[in-house]
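Counting starts at 1 for both ligands and their atoms, following the listed order.
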Amino acid sequence: MSQSSGKNHVAVLAFPFGCHPWPLLNLASKLASAAPDVRFSFLNTAKSNQKLSATSGAHLPHNLKSYDVVDGVPEGHVLTPGNPLEEVELFLEAAPESFRKGMDMVVAETGQQKITCILNDAFLVFGCDLAADMHVKWVPLYVPAPYDLSAHIYSALLHETYAKACGGGEAHGNGGAVGDLNPIDKTLDAIPGLSVMRFGDLPPEILQEILQGNQSNCSPIFARTLRRISEVLPRANAVVMNSFRELNSTILTDDLKSKFQDILYVGFPTLIVPTPPLPPSHSDATGCLPWLDEQKPTSVAYISFGTVAAVPPHEFAALAEALEASCVPFLWSLRENFKAFLPNGFLERTRKQGKIVPWAPQAYVLSHKAVGVYITHCGYHSVFESIVGEVPMICRPILGDGKMNGRMVEDVWEIGVRVEGGVFTKKGMVKSLELVLGHDDQHRRRMKEKIRDLKELVVKAAGPDGIDKDKAQTVTTKIQNN
Ligand code: UDP
């Protein structure tokens, strides 16, 4: 009898965009190792499953199996280039039915082993109804930062306080200098634990709704989905957070705790604390690590905007011009379609100065001694990979929780700087590079010390696996029927 033929069967449902599937798969993998009698079935689109196996190289435990579900893109339909939300929209429209059919298929394949729990990405808000219909437990994983979840929970109050601020009503923070202050720059004092943030730091989907009076630019179904998060999560048996409690303010964690039946901070399931030996060669197909071996210590600028984000074409060009002007060696993870935005002749002129790749083994790159600065979109995972690598950041937040992460990096943790004016310009970037890589040893030393302290906290809380073993154990208890 297989060890996983016990009565518990967890269906793990992925949101197949951006970085989202990685932490969910890693969490499922760690839970499966901790609970060998429980069967885990990971359901995701074929495209995303392929990407996961190409980029993670993770070995799945015997009781965790991946399955493909349909992605909602009609046969023969050609996705519009430059409109990534179209794919999200088509997926979300079809997703409740796709996952329902996927679960039926899995149950049939496993010899009628019924699903006993749904563990899903919290963006799949319909998981709540699916679990209720099936009379099974529901445990969602919230992938972005905890302060991002607070912003979603308090979006109605944010609307209200912003309207007040515009109407010259009650003052919000900033030492009382309210008179001329643009409401966008006002602090979020009304929200527990968010007083360090400003309206302008809010995730774009929330900010747009506030600024445009509920008229989101976001696709209607995605906007609706995000709005439902705060409504459905209180119904979960437990909400799992992709974070450590110790990293967040007590006001924030206490407040979130009061909103849900249970909340479990497991750590970062994807976090790697690289230690020699280096990863097998397949995970460095683009040869980044040997190239870094040839560079001087803390000399290289690593650039990456994560899995989906992009800046406008003129900013790609400005960043490239700044790199060239400052003569800083660079390693740039740049998707092929963005190369067209680089200045004429840039690739030829910088052949010796830099290396451009479509994908880098980022966690290992950031832990390489040659890397001195990370020019980042402030993606949540990227920021923590930089912390573990002890690399200060130059931040150009673009989407999701990026601006909130950037605020934490610069103002709270003091381990990086945001680009001047919030966008890449040649002059601003040359200045930022000088600041972080240049001769102001004191500034650099201070940032390094702060990063080391944070890294210590992360590693102590997580261990080298990025996940708190006791908390993982608590999650395995939550997902099982006794
Ligand atoms: N990543 C990588 N190589 C690349 C670009 C990105 O390994 O060339 C990984 C990165 O290490 C991180 C994830 O992709 O773990 C991006 O997640 P993040 O939350 O930072 O940003 P998102 O893609 O969600 O905007």
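- The single protein non-hydrogen atom nearest to atom 25 (O) of ligand 1 is His377 NE2, 2.9 Å, given as residue, atom name and distance.
- When only non-hydrogen protein atoms are considered, atom 23 (O) of ligand 1 lies nearest to Thr307 OG1, 2.4 Å.
- When hydrogens are left out, the protein atom nearest atom 2 (C) of ligand 1 is Trp359 CZ2, 3.2 Å; that is the closest non-hydrogen contact.
- Within the structure, ring-ring contact (aromatic ring centres under 6.0 Å, His included) contacts touching residues 386-413 (residues at least two apart or in different chains) are Phe384-Trp413.
- In this structure, the protein non-hydrogen atom closest to atom 20 (O) of ligand 1 is Ser382 OG, 2.5 Å.
- With rounding to the nearest 0.5 angstrom, the CG atom of Leu435 is 11.0 Å from the CE atom of Met429.
- With sequence neighbours excluded, no residue forms a ring pair (Phe, Tyr, Trp, His ring centres under 6.0 Å) with Tyr142.
- For atom 3 (N) of ligand 1, the nearest protein heavy atom (residue, atom name, distance) is Ala360 O, 2.6 Å.
- If you check each of His381, Arg335, Glu385 against atom 10 (C) of ligand 1, the one with the closest non-hydrogen atom is Glu385.
- Applying the 4.0 Å criterion to heavy atoms of Ser304 picks out, from ligand 1, the atoms 5 (C).
- Lys450 and Glu390 are not joined by a salt bridge, as no carboxylate oxygen comes within less than 4.0 angstrom of a charged side-chain nitrogen.
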Decide yes or no on ring pair (Phe, Tyr, Trp, His ring centres under 6.0 Å) for Phe305 and Phe338, but give the supporting numbers first. CA-CA 12 Å; Phe305 307 140; Phe338 297 129; 8.5 Å; no
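- Protein heavy atom closest to atom 13 (C) of ligand 1, with residue, atom name and distance, is Trp22 CZ3, 4.0 Å.
- Contact annotation: for Cys19 versus ligand 1, heavy atoms closer than 4.0 Å belong to both the backbone and the side chain.
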